[in-house]
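Worksheet for the structure shown next.
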Amino acid sequence: MKKAKLHNGGNIPKSSTGSRSDPRLSNPGKCVGVSKLPEISCTKPKIPSGNSTTASPSGDNFFLRGVIISIIPERVPKARVDLLRKRIGERGGGIVTFHPQGALDETVTHYVVDDSVDAEEALRVFLMKQPDLEALSETLSNVQCLPCKWISGSLMSRTRLDEGGFFLHRQLLDLITRKMTASRKLDCTPPKSAFALFSLAVLATPFACTPKSEPSSMLSVNAGTGGDGSGIKRKWESIAEHASSGYEDSGGAESSDSDEEDSDVDEEFLARVQPGHMPFAAKFVCSYPSSSGRKNVNGHITDQLEKLQNTYKSTGQDFRAMAYGKAIGTVRNAPRITKIEDIKGLRGIGSGIKSKIIEILETGACEKVAAYCMDNEMNKAIELFCGIHGVSSKTALKWASSNLRTLEELPEKVRLNRVQQIGLKHYHDFLERIPRSEVVEIESTVKEAALRLQDGLELITCGSYRRGKPTCGDVDILVTHPDGKSHRNIFAPLLDSLRSSGFITDDLLVADEGSQKKFLGVCLLPNPGAKHRRLDIIVVPYSEFGCALLYFTGSAHFNRSMRSLAHKANMALSHHSLNKNAVRVGKKKVSDGEPLPGMITEKAIFDYLGLKYLEPADRDH
DNA sequence: GAACAGACTAT
DNA sequence: ATAGTC
DNA sequence: GTTC
Ligand SMILES: O=c1ccn([C@H]2C[C@H](O)[C@@H](COP(=O)(O)OP(=O)(O)OP(=O)(O)O)O2)c(=O)[nH]1
Ligand SMILES: [Mg+2]
């Protein structure tokens with residue numbers, strides 16, 4: 001099942017970690033800073049000449065004369081916004097509050113966004129105000145969209161810095177033209193603005209304020225419906241639902257450099273600290289059984305945090321979403337939180353989430369949730385599209401940004417790849433979870449076909465089924481053979497057999513090569529009213545059985561935790577093997593190390609890592 | 001400021 | 001290289 | 001967003 005995919009790319013939140021006690025994101029008032037600087041806050045000097053780069057001579061105390069700035073508050077700490085407002089006013093600039101909903105204010109000459117905001121993210125915000133790409137490009141071509149460091153630098157140097165020295169604006173314009181070109185292809189609408197051609201010509205070189213691969217977002221702000229609704233199970237959801245305490249890093253104990261290249265140091269070390277625990281294992285959730293059964297006494301808090309987590313996930317801010325997942329896990333397992341001191345010492349809760357919890361404690365809700373996770377068209381469309389197998393945050397956002405809103409219009413208006421076509425075809429079936437009894441039927445069907453082909457094959461249904469969940473998102477079947485070789489020639493024949501019986505209806509992915517074979521696809525039981533179900537089959541050599549079983553049983557969060565732990569111990573754990581002496585420089589692997597022999601059971605792997613064995617049901621983190 | 005799991009396919 | 005999935 |  002898909003669910004919590006984590007594509008690469010780090011989300012770089014940069015600033016914003018401040019101690020802001022939650023910004024009042026949307027102020028109904030038109031002018032910002034009313035309380036502090038009434039005299040300037042509503043000034044709107046006439047626009048000088050759009051985006052001219054006329055820098056005032058230094059020494060001019062009012063070098064921002066004629067400039068009307070709108071600060072997009074998302075991710076800029078409130079304290080910083082307040083300070084900027086004040087300083088801008090002092091230098092003769094005007095300020096207009098940024099309203100997520102209303103139309104773009106025509107008088108604004110400069111939009112300022114947090115330094116960590118990239119072009120894609122900025123576009124998303126502007127699209128909420130002006131959904132029409134062409135109109136937007138028209139408007140934006142007459143203003144500047146700049147990172148925060150432009151205004152801070154200007155204030156610092158008492159000079160209006162040359163806007164041309166910042167790439168964000170050009171990147172934004174370029175992004176818009178690319179999108180217009182793309183949607184024109186779809187609509188067969190002819191190009192319009194000459195500006196589009198121009199900006200193509202000035203494509204900027206990525207730099208400084210350039211996207212870091214994850215467009216972190218700042219969808220907008222708007223008080224109002226704290227929407228959530230949606231009965232559909234989002235794919236990006238539940239990335240770490242049951243985390244016990246965050247699986248991260250070790251505390252003090254750092255081994256790192258020092259040699260110990262020698263083969264046996266590892267074993268000796270482990271043997272010494274054995275039976276049991278690496279000195280740093282304490283901070284990894286894979287050291288503890290998952291909290292099955294215990295009830296969450298902080299539901300009022302985790303509910304709010306989950307909304308933020310889901311929104312971050314759906315907008316591609318995976319690391320931020322993951323951080324929320326860890327925080328949610330610790331809050332869920334903590335005793336009832338009623339006061340600020342109760343938060344102290346909880347792992348995964350830093351200043352940002354702490355302030356939100358405090359707000360929930362005091363007011364019963366969190367403004368950021370209402371503002372950010374709002375139930376608007378855009379968010380609903382993104383959520384809808386993310387429900388398609390083969391579609392995730394990037395694609396969903398792209399489609400929603402080009403004003404697509406329903407499943408029906410997709411086939412005609414965008415180019416769906418093969419997988420997405422299948423995903424769309426079974427959209428509703430795939431959203432349903434599978435009762436265990438039906439998993440058993442599917443398992444039996446596959447098992448019978450397999451055993452007809454080869455005696456002695458072992459089939460184990462893994463995933464959430466093996467962890468004992470009452471319903472499953474899909475069926476994950478591992479196939480191996482204890483003789484170490486009879487697994488080899490059964491993969492394709494097995495699939496052929498299941499296809500010809502009509503059981504397998506679609507292939508999503510067939511991976512033939514490599515020691516492990518993998519099938520991701522769709523099956524259908526020959527029962528009246530049966531639904532199409534996602535079926536994953538892997539065929540593995542017996543030598544990799546332990547690692548493969550461990551992997552395929554999960555949970556995903558548990559796996560990540562255990563792999564982190566292995567990594568910390570200079571090992572590397574994958575679905576193939578547990579390697580020792582794995583060497584990495586940063587996150588780049590220099591040497592895979594050597595696979596450890598004998599890791600043919602899950603127990604052996606737990607042991608080698610110094611972990612207490614956990615039953616599958618206790619790995620449901 | 002780097003890391004946050006690790007491996008795989010499709011495009 | 002990016003997007004998506006397990 | 002959090003940790004080291
Ligand atoms: O990002 C991932 C996703 C999955 N897995 C492993 C663990 C997981 O248990 C197994 C099967 O994946 P699936 O997506 O089916 O998860 P599940 O645990 O079976 O849950 P669901 O009930 O949604 O199928 O593959 C990972 O290691 N990383
Ligand atoms: Mg599954």
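What you see below is based on every heavy atom in this structure, not just the backbone, and it leaves out hydrogens, waters and symmetry mates.
- The closest side-chain heavy-atom distance from A:Thr553 to A:Arg467 is below 4.5 Å.
- If you measure from atom CZ of A:Phe491 to atom C1' of B:dC8, you get 13 Å, rounded to the nearest angstrom.
- When distances run from any side-chain atom of A:Lys326 to the nucleotides B:dC4, B:dT9, C:dA3, the shortest one goes to B:dC4.
- Across the protein-nucleic acid pair, A:His575 atom NE2 and C:dT5 atom C1' stand 12 Å apart, rounded to whole Å.
- Between A:Arg418 and C:dG4, a side-chain N or O to OP1/OP2 separation shorter than 4.0 Å is absent.
- Nearer to the 5' terminus of DNA chain B, by closest-nucleotide assignment, is the contact made by A:Gly586 (compared with the other of A:Ser574 and A:Gly586).
- The side chain of A:Arg584 places no N or O atom within less than 4.0 Å of a non-bridging phosphate oxygen (OP1 or OP2) of B:dA2.
- Remark: the separation of the P atoms in B:dC4 and C:dT5 is 23 Å, to the nearest Å.
- The side chain of A:Ser351 has D:dT2 as its nearest neighbour among B:dC4, D:dT2, C:dT5.
- With respect to A:Ile442, the side-chain contact (heavy atoms from CB on, under 4.5 Å) criterion is satisfied by exactly one of A:Asp474, A:Thr461, A:Val475: A:Val475.
- Checked against D:dT3, B:dC8, B:dC4, the side chain of A:Arg347 finds its nearest nucleotide in D:dT3.
- Listed candidates were B:dC4, D:dT3, C:dG4. Nearest to the side chain of A:Thr395 is C:dG4.
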Let's go through A:Thr330 and A:Arg347 carefully: what are the C-alpha distance in whole Å and the side-chain angles of both, what is the deciding distance for side chain to side chain donor-acceptor pair (under 3.5 Å) to 0.1 Å, and is it a yes or a no? CA-CA 7 Å; A:Thr330 87; A:Arg347 274 193 82 69; over 6 Å; no

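- Using a 4.0 Å heavy-atom distance criterion, A:Leu508 is classed as making no nucleic acid contact.
- Distance from the side chain of A:Arg320 is smallest to D:dG1 among D:dG1, B:dT9, B:dC8.
- If you take OH of A:Tyr324 and C1' of B:dC4, they are 16 Å apart, rounded to a whole angstrom.
- A:Trp399 has its CH2 atom 12 Å from the C1' atom of C:dA3, to the nearest Å.
- Atoms NZ (A:Lys518) and C1' (B:dA10) sit 12 Å apart, rounded to a whole Å.
- On the P atoms, D:dT2 is 23 Å away from B:dG6, given to the nearest whole Å.
- Ion pairing between A:Asp507 and A:Arg499 holds under the 4.0 Å rule for side-chain N and carboxylate O.
- Regarding contacts with the backbone of B:dA5, a side-chain N or O of A:Arg560 is found under 4.0 angstrom from either OP1 or OP2.
- A salt bridge between A:Lys313 and A:Asp318 is present, with a side-chain N of the basic residue lying under 4.0 Å from a carboxylate O of the acidic one.
- A:Asp318 places its CG atom 16 Å from the P atom of D:dT2, with the value rounded to the nearest Å.
- Considering only side-chain N and O atoms, A:His557 lies nowhere under 4.0 angstrom from the phosphate OP1 or OP2 of B:dA5.
- Proximity note for A:Lys283 (side chain, C-beta onward) versus B:dA5, D:dC4, D:dT2: the nearest is D:dC4.
- Phosphate contact (OP1/OP2 of B:dC8, side-chain N/O of A:Lys517, threshold under 4.0 Å): absent.
- Across D:dG1, B:dA5, B:dA7, the shortest atom-to-atom separation from the side chain of A:Arg563 is found for B:dA5.
- Using a 4.0 Å heavy-atom distance criterion, A:Lys589 is classed as a sugar-phosphate-only contact.
- With D:dC4, B:dT11, D:dG1 as the candidates, the nucleotide lying closest to the side chain of A:Asn417 is B:dT11.
- At whole-Å resolution of the value, NZ in A:Lys344 and C1' in D:dT2 are 19 Å apart.
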Apply salt bridge (charged side-chain N to carboxylate O under 4.0 Å, His left out) to the pair A:Lys531 and A:Glu438, showing each step before the final yes or no. CA-CA 10 Å; A:Lys531 291 178 170 23; A:Glu438 188 179 335; over 6 Å; no

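- Checking B:dT11, C:dG4, B:dC4 against the side-chain heavy atoms of A:Lys394 singles out C:dG4 as nearest.
- Classification of the A:Phe430-A:His426 ring pair by plane angle, with boundaries at 30° and 60°, yields tilted.
- Within 4.0 Å of A:Ile538, counting heavy atoms only, lies no atom of the nucleic acid at all.
- Rounding to whole angstrom units, NZ of residue A:Lys568 and P of B:dA5 are separated by 12 Å.
- Listed candidates were B:dC4, B:dT11, B:dA7. Nearest to the side chain of A:Ser564 is B:dC4.
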